[in-house]
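Down below is the structure, laid out as structure tokens.
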Amino acid sequence: MADAYDFRSVERKWQERWLRDRAFDTPAVPTREKYYVLEMLPYPSGDLHVGHAKNYTLGDAIARMMRMLGYDVLHPMGWDAFGLPAENAAIQRGIDPATWTRSNIANMVRQLRLMGTGYDWSREIATCDPEYYRWNQWLFLRFLEHGLAYRREAPVNWCPHDQTVLANEQVIDGRCWRCETLVERRNLEQWFLKITSYADRLLADLDRLEGWPERTRTMQRNWIGRSEGVEFSFAVEGIDAKIDVFTTRADTLFGSTFLAIAAEHPVIAALKSVIAKKRAAEIDAFAESLCSKSELERTSLMEKNGLFTGAYAINPLSHERVPVWVTNYVLAEYGTGAVMGVPAHDERDFDFAKKHGLPIAQVIVPHGGPDAPPPLVEAFVEDGRLIASDDFTGMSSARARDAIAERLAALGVGRKSVNYRLRDWLISRQRYWGTPIPILFCEACGEVPVPDEQLPVLLPPNAPITGEGSPLARMPEFVNATCPRCGGPARRDTDTMDTFFESSWYYLRYLSPHDANAAWEREDADRWMNVDQYVGGSEHAVMHLLYARFFYKFFHDRGWVGGDDEPFARLFHQGFVLHDGEKMSKSRGNVIGIDETAEKNGVDAMRLFLLYVTPPEDTSDWTDEGISGRVRFVHRLWRLCEPLTRAAADVRTPPEVNGGDERALLRAVHVAARSAIDETRSRRFHFNTTIAKLDELLNAMSALLRSTPESPALAYAAHALPLLVAPFAPHIAEELWERSGHTTSVHLEPYPEPDDSIIALDEIVLVVQVNGKIRGRLTAPSGLSESEALALALADPHVRSSLDAKEPRKHFYVPDKLLNLVV
RNA sequence: GGGGAAGUGGCGGAACGGUAGACGCAGCCGCCUCAAAAGCGGCCGGGGUAACCCCUCGUGCGGGUUCAAAUCCCGCCUUCCCCA
């Protein structure tokens with residue numbers, strides 16, 4: 001037997017050589033058709049495990065397949081290097097965030113190379129480099145120039161653990177998405193990006209993203225939450241103030257029996273002039289009690305509660321007086337901060353009215369229902385026919401919505417309007433390890449942007465990072481600056497940006513990562529954008545992917561990128577890797593690391609296992625038994641092919657063969673090639689089936705080796721296999737290829753072209769059914785005509801007896817597969 | 001509560017209206033070996049049959065469409081994911 005395959009030294013050898021030869025650098029200008037494949041850039045947390053490996057192996061296999069299929073492939077990698085963990089390390093262990101991040105990146109680069117990935121390392125970026133975040137600041141100033149960045153005081157989600165504000169998207173079930181601490185509410189001056197002005201386009205263009213999972217598009221649609229309705233005002237009795245409300249159910253307007261406003265609603269200040277002092281104090285106390293509550297608590301967990309203000313508003317159409325209530329479930333940030341309460345036709349309002357003894361006035365009845373219905377036991381929320389609604393009575397809900405909107409508009413108190421669930425993106429963070437916001441506050445000039453030529457505003461070293469408050473605010477040398485307009489003293493903004501800002505445009509920086517004059521060049525964008533295949537976890541289905549789409553549309557509007565205004569043509573979400581049925585985590589102690597797996601099983605085996613165990617989008621389970629199957633495959637591949645590397649064989653021309661086993665082997669080669677190419681071109685990426693075909697190929701080699709050891713088909717297969725496995729097991733492929741006498745990389749070769757005439761069987765098994773039940777399997781030459789097949793079947797004694805002497809009434813023929821006789 | 005996805009041997013999965021269980025793992029038998037490991041060969045959904053051919057049941061449950069359903073449709077159950 002040949003020497004056992006020494007995967008450790010072979011894998012090391014090729015990893016070193018690929019690095020030395022810059023084997024996977026991208027041409028600056030593609031000459032063949034371009035293909036941009038991208039995995040979501042990782043946060044440099046320190047160590048990679050096989051869960052990460054699944055993601056990068058898939059991207060790598062796609063990149064290598066596409067390269068072998070004749071494309072100029074761009075496959076870059078970088079680091080989402082700002083963020084809280086680095087700062088937490090500083091707080092807990094006194095390590096400088098930059099040092100911590102750098103050493104993590106160094107380790108993870110080593111691990112990515114250890115995984116055999118073929119990235120273009122000349123394009124590596126780290127978002128914490130001034131080289132990179134300088135352009136973050138530059139882009140922020142462009143948003144500001146175009147009115148898409150603004151500053152205001154707002155109640156925000158505050159994580160008491162991380163001491164920072166969070167975007168709504170970063171609050172999951174009322175908890176911080178990173179540390180799971182219960183989120184509180186606070187008021188702070190914050191920078192926002194006006195993503196809402198792109199809401200309609202972000203929504204509409206989802207329809208065009210056919211290469212995206214439907215699930216993800218649905219999630220984004222729900223997140224944007226567009227609803228059409230009417231915005232109109234209630235006058236407040238006794239004072240010169242109005243309360244605006246938005247409703248999608250204008251048809252229920254005559255059923256409004258109260259007005260619910262948010263505890264933070266600005267009209268409350270004006271109301272105080274018409275209500276008793278004691279009541280005003282109660283309202284303040286009520287608002288106070290809510291300010292620390294998270295949105296989730298207020299909208300879902302807490303009981304619906306409220307307080308009558310003592311003020312009344314006037315319904316603009318019915319002219320009825322309705323009481324104004326402050327409530328805990330209407331949010332100031334959502335819509336207008338006030339809603340008309342219609343207990344009869346809204347579940348939440350119904351509960352609220354029951355609890356506080358407010359009248360329930362039914363104004364919609366089911367079509368065909370009585371005009372004077374019995375009292376409701378629950379809200380009737382469906383559309384119907386209007387009753388007790390003045391001259392709108394009798395109309396259908398749909399018609400009434402239009403008619404009432406028109407009346408409100410005619411009276412000058414309302415108009416049709418569109419409301420979104422999506423809110424503007426809060427980007428300020430009271431943290432150190434992020435991009436400083438390039439704004440100065442001058443006593444004379446006010447808010448002043450840092451001029452472009454003064455960028456980047458550098459993050460100062462040696463910040464006092466203690467976990468309390470903002471480190472930059474405590475650094476006078478950073479805070480104190482000179483106003484670029486008047487030369488007077490100015491104070492810097494001490495907040496840094498949400499890290500989703502960096503990751504919203506990094507795919508463009510890869511195009512010219514070292515350009516000192518621009519974030520990227522339009523020319524490069526024209527060459528390489530859009531990203532043809534984006535690969536990453538579904539946990540980014542809303543935040544990152546929505547922000548990146550927003551940025552790209554803004555860039556497109558500026559003319560900084562051309563073509564389609566969507567950045568990612570196709571998107572693929574890979575599934576998790578579990579171990580012992582649970583997500584891998586340090587605390588559970590069930591992490592399978594890259595280093596230990598590479599040492600124990602080999603990288604090729606690991607890659608094959610991750611691709612083989614399940615389709616890539618499914619959750620897979622890491623098992624020692626499972627990986628051992630792929631370790632066996634690698635050794636078997638070596639044992640079968642290595643001895644044949646010295647035999648002459650032309651991979652591109654199959655040899656002439658006679659025997660059935662020989663034909664079967666040639667066929668297995670071409671079936672495997674067909675599978676790999678189909679899975680790639682269909683973008684299904686179910687390489688698990690391709691690897692199963694490679695198993696069958698090795699089985700066919702074993703069989704032929706036993707029956708016809710001198711067959712030229714064996715050397716042919718042995719020379720084709722390195723090409724076939726190259727995208728999945730790149731090291732052993734390269735080693736076998738070299739041993740076959742080749743001096744250039746197997747990864748730059750064209751993928752084997754499957755030949756349908758070799759795949760076609762000359763003898764097939766024709767399944768004969770009678771009334772849909774299998775009654776015979778007949779061996780026959782392929783390409784039988786329908787009448788030949790029928791004749792053959794009717795000649796078969798077993799089929800004849802199944803027919804029970806009856807003549808088939810009808811038959812159905814699937815060529816080379818099946819004949820169904822119906823009697 | 002609403003929306004979405006999924007349910008196939010002991011396990012992971014294959015089969016995108018046409019032979020259910022490819023391929024792998026585990027298990028069992030054999031060869032090799034002093035022995036073991038590795039390797040190689042074979043068996044491997046349930047029932048019927050001494051046995052082969054064969055018959056029959058079988059893709060969460062119940063219906064339906066079709067010559068033909070794991071696949072399409074309707075209802076239910078379970079699990080997971082999003083949203084409330």
Side-chain angles (χ1 to χ4, degrees), chain A residues 1-2 4-5 169 172-174 213-225 295-296 298-301 329 347-348 378 381 421 537-539 541-542 573 575-578 581 605 608-633 635-636 638-640 668 671-672 675 678 682 684 686-703 705-707 764-779 797-798 801-802 808-823:
Chain A
M1 193 173 69
Y5 173 54
E169 294 91 324
I172 295 154
D173 291 339
E214 189 54 52
R215 266 169 49 81
T216 303
R217 293 196 280 168
T218 302
M219 281 165 67
Q220 291 212 352
R221 274 189 203 106
N222 292 340
W223 191 265
I224 295 166
E295 244 173 61
L296 182 90
R298 292 178 58 170
T299 55
S300 302
L301 302 178
Y329 68 91
E347 284 172 28
R348 211 161 49 167
E378 59 178 5
V381 299
R421 213 187 74 96
S538 59
E539 67 273 22
V542 177
H573 292 311
F576 294 118
V577 180
L578 305 179
L608 287 164
F609 175 71
L610 291 169
L611 293 170
Y612 180 76
V613 62
T614 51
E617 65 272 26
D618 287 0
T619 302
S620 36
D621 221 327
W622 181 272
T623 60
D624 291 340
E625 294 78 19
I627 179 77
S628 74
R630 293 304 99 193
V631 172
R632 246 174 254 172
F633 173 88
H635 283 98
R636 198 173 172 212
W638 182 260
R639 270 198 314 279
L640 288 169
V671 165
S675 169
D678 285 353
S682 70
R684 199 175 77 134
H686 284 199
F687 295 126
N688 55 323
T689 60
T690 301
I691 294 168
K693 304 291 184 214
L694 291 168
D695 274 331
E696 292 184 59
L697 172 49
L698 294 194
N699 290 342
M701 271 186 96
S702 286
L705 207 52
R706 258 177 288 130
S707 69
I764 54 102
V765 174
L766 181 71
V767 172
V768 182
Q769 295 180 328
V770 176
N771 288 337
K773 294 200 180 267
I774 295 164
R775 287 294 178 263
R777 290 183 172 83
L778 311 178
T779 305
H798 190 248
S801 73
S802 305
R809 206 157 40 82
K810 275 198 282 188
H811 62 268
F812 297 84
Y813 181 52
V814 184
D816 287 346
K817 277 196 168 161
L818 179 137
L819 179 70
N820 190 9
L821 305 170
V822 184
V823 295

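Lettering of chains follows the sequences in order, A, B, ..., and the numbering in each one begins at 1. Everything quoted here is computed from the prediction, not taken from an experiment.
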(message) Determine whether a donor-acceptor pair (N or O, by modelled atom type, separation under 3.5 Å) exists between the side chain of A:S675 and the backbone of A:V671.
(response) no
(request) For B:A14, take OP1 and OP2 only and decide whether either is under 4.0 Å from a side-chain N or O of A:N688. (result) yes
(message) Can you measure A:K773 atom NZ to B:C67 atom P for me and round it to whole angstrom units?
(response) 16 Å
(message) Does the structure show a Watson-Crick or G-U wobble partner for B:C54, both distances under 3.5 Å? Name it, or say none.
(response) B:G48
(message) Looking at B:C40, I'd like to know if its phosphate oxygens (OP1 or OP2) sit under 4.0 Å from a side-chain N or O belonging to A:R639.
(response) yes
(message) Please compare A:N771 and A:L818 by the position of their nearest nucleotide in RNA chain B and report the one closer to 5'.
(response) A:L818
(request) Answer with base, sugar-phosphate or nothing: what part of the nucleic acid does A:S702 contact at a heavy-atom distance below 4.0 Å? (result) sugar-phosphate
(message) Heavy-atom nearest nucleotide on RNA chain B for A:S802 versus A:S538: which residue maps closer to 5'?
(response) A:S802
(request) Using atom CD of A:E696 as one end and atom P of B:A15 as the other, report the distance to the nearest whole Å. (result) 12 Å
(request) Rounded off to whole Å, could you give me the CD1-to-P distance for the A:I224 and B:C82 pair? (result) 18 Å
(request) For A:H798, report the nucleic acid contact type (base, sugar-phosphate, nothing); a contact means any heavy atom under 4.0 Å. (result) sugar-phosphate
(message) Suppose we define a pair by two distances each less than 3.5 Å, Watson-Crick or G-U wobble; what does B:A15 pair with here?
(response) none
(request) Give one of base, sugar-phosphate or nothing for A:E214, where a contact means two heavy atoms less than 4.0 Å apart. (result) nothing
(request) Compare all side-chain heavy atoms of A:V768 with those of A:R775 and state whether any distance is below 4.5 angstrom. (result) no
(request) Report the distance from atom CD1 of A:I691 to atom P of B:C25, rounded to the nearest whole Å. (result) 13 Å
(message) Let's test this: given Watson-Crick or G-U wobble pairing with both distances under 3.5 Å, identify the partner of B:U65.
(response) none
(request) Could you state the atom-to-atom distance from CG of A:L611 to P of B:C23 in whole Å? (result) 20 Å
(message) At less than 4.0 Å, is any side-chain N or O atom of A:R775 found next to OP1 or OP2 of B:C54? Yes or no.
(response) no
(message) For the C1' atoms, the ones on B:G21 and on B:A14, what distance do you get once it is rounded to whole angstrom?
(response) 7 Å
(message) In whole Å, measure the gap between the P atoms of B:C61 and B:U49 for me.
(response) 26 Å
(message) Heavy atoms from C-beta onward define the side chain here; which of B:C40, B:A22, B:U19 lies closest to that of A:A692?
(response) B:A22
(message) Closer than 3.5 angstrom, by distance alone: can the side chain of A:T623 be matched with the main-chain N or O of A:G626 as a donor-acceptor pair?
(response) yes
(message) Using 0.5 Å steps for rounding, measure from the CD1 atom of A:I691 to the CG atom of A:L610.
(response) 9.5 Å
(message) Base, sugar-phosphate or nothing for A:R636? Non-hydrogen atoms, less than 4.0 Å.
(response) sugar-phosphate
(message) Mind checking if A:V814 touches a base, just sugar-phosphate, or nothing, with heavy atoms under 4.0 Å?
(response) base
(message) The side chain of A:S628 is closest to which nucleotide in this list: B:C82, B:A26, B:G41?
(response) B:A26
(request) Let me know the distance between NZ of A:K817 and C1' of B:G17, rounded to the nearest Å. (result) 11 Å
(message) Is any side-chain heavy atom of A:N771 closer than 4.5 Å to one of A:V822?
(response) yes
(message) Using the P atom as the point on both nucleotides, what is the distance between B:C11 and B:G60, in whole Å?
(response) 13 Å
(request) Indicate, with a heavy-atom threshold strictly under 4.0 Å, whether A:Y612 touches base, sugar-phosphate, or nothing. (result) base
(request) Could you tell me the separation between the CZ atom of A:F812 and the P atom of B:A69, rounded to a whole number of Å? (result) 12 Å
(request) Pick the C1' atom in B:C74 and in B:C82, then give their distance to the nearest Å. (result) 25 Å
(request) Please measure how far the C1' atom in B:G9 lies from the corresponding atom in B:C44, and state the result in whole Å. (result) 10 Å
(request) Return yes if some donor-acceptor pair links the side-chain N/O of A:H635 with the main-chain N/O of A:A4 below 3.5 Å, else return no. (result) no
(message) For a quick test of reading the model: is some side-chain N or O of A:R777 closer than 4.0 Å to OP1 or OP2 of B:C53?
(response) no
(request) Mind checking A:D695 for me? I need base, sugar-phosphate or nothing, with any heavy atom below 4.0 Å counting as a touch. (result) sugar-phosphate
(message) Please give the distance between the P atoms of B:A22 and B:A36 as a whole number of Å.
(response) 30 Å
(request) Please state how far atom CG in A:D678 lies from atom P in B:A14, giving the value in whole angstrom units. (result) 16 Å
(message) Taking only the P atom of each, what is the distance from B:G4 to B:U56 in whole angstrom?
(response) 40 Å
(request) Would you mind reporting whether A:R684 and A:P615 have side-chain heavy atoms less than 4.5 Å apart? (result) no
(request) Using a cut-off of 6.0 Å, state whether more than 12 heavy atoms not belonging to A:E214 lie near its atom CD. (result) yes
(message) Any donor-acceptor pair under 3.5 Å linking the side-chain atoms of A:H686 with those of A:E617?
(response) yes
(request) Decide, for B:G4, between syn and anti: a glycosidic angle within 90° of 0 counts as syn, anything else as anti. (result) anti
(message) Just to be sure I understand the rule, does A:R221 reach a base, reach only the sugar-phosphate, or reach nothing, if contact means heavy atoms closer than 4.0 Å?
(response) nothing
(message) What's the gap between B:C32 and B:G24 when it is taken at their C1' atoms, as a whole Å value?
(response) 24 Å
(message) Both distances below 3.5 Å, Watson-Crick or wobble geometry, any strand: find the nucleotide opposite B:C40.
(response) B:G30
(request) Kindly say if A:R215 contacts the phosphate of B:C82, meaning a side-chain N or O under 4.0 Å from OP1 or OP2. (result) no
(message) Applying a 4.0 Å non-hydrogen cut-off, can you work out what A:I774 is touching in the nucleic acid: base, sugar-phosphate, or nothing?
(response) sugar-phosphate
(request) Report the base-pairing partner of B:U78 (Watson-Crick or G-U wobble, both distances below 3.5 angstrom), or none. (result) B:A6
(request) Would you please confirm or rule out a distance under 4.0 Å between OP1 or OP2 of B:G24 and any side-chain N or O of A:N699? (result) yes
(message) Measuring from the side chain of A:W223 (C-beta onward, heavy atoms only), which nucleotide among B:C83, B:G41, B:C67 has the closest atom?
(response) B:C83
(message) From C-beta outward on A:R421, which listed nucleotide comes closest to its side chain: B:C83, B:A14, B:A26?
(response) B:C83
(request) Between B:U19, B:A14, B:G18, spot the one nearest the side chain of A:N820, thanks. (result) B:G18
(message) Going by purine N1 to pyrimidine N3 plus the second Watson-Crick contact, or the G-U wobble pair, all under 3.5 Å, which nucleotide sits opposite B:A70?
(response) none
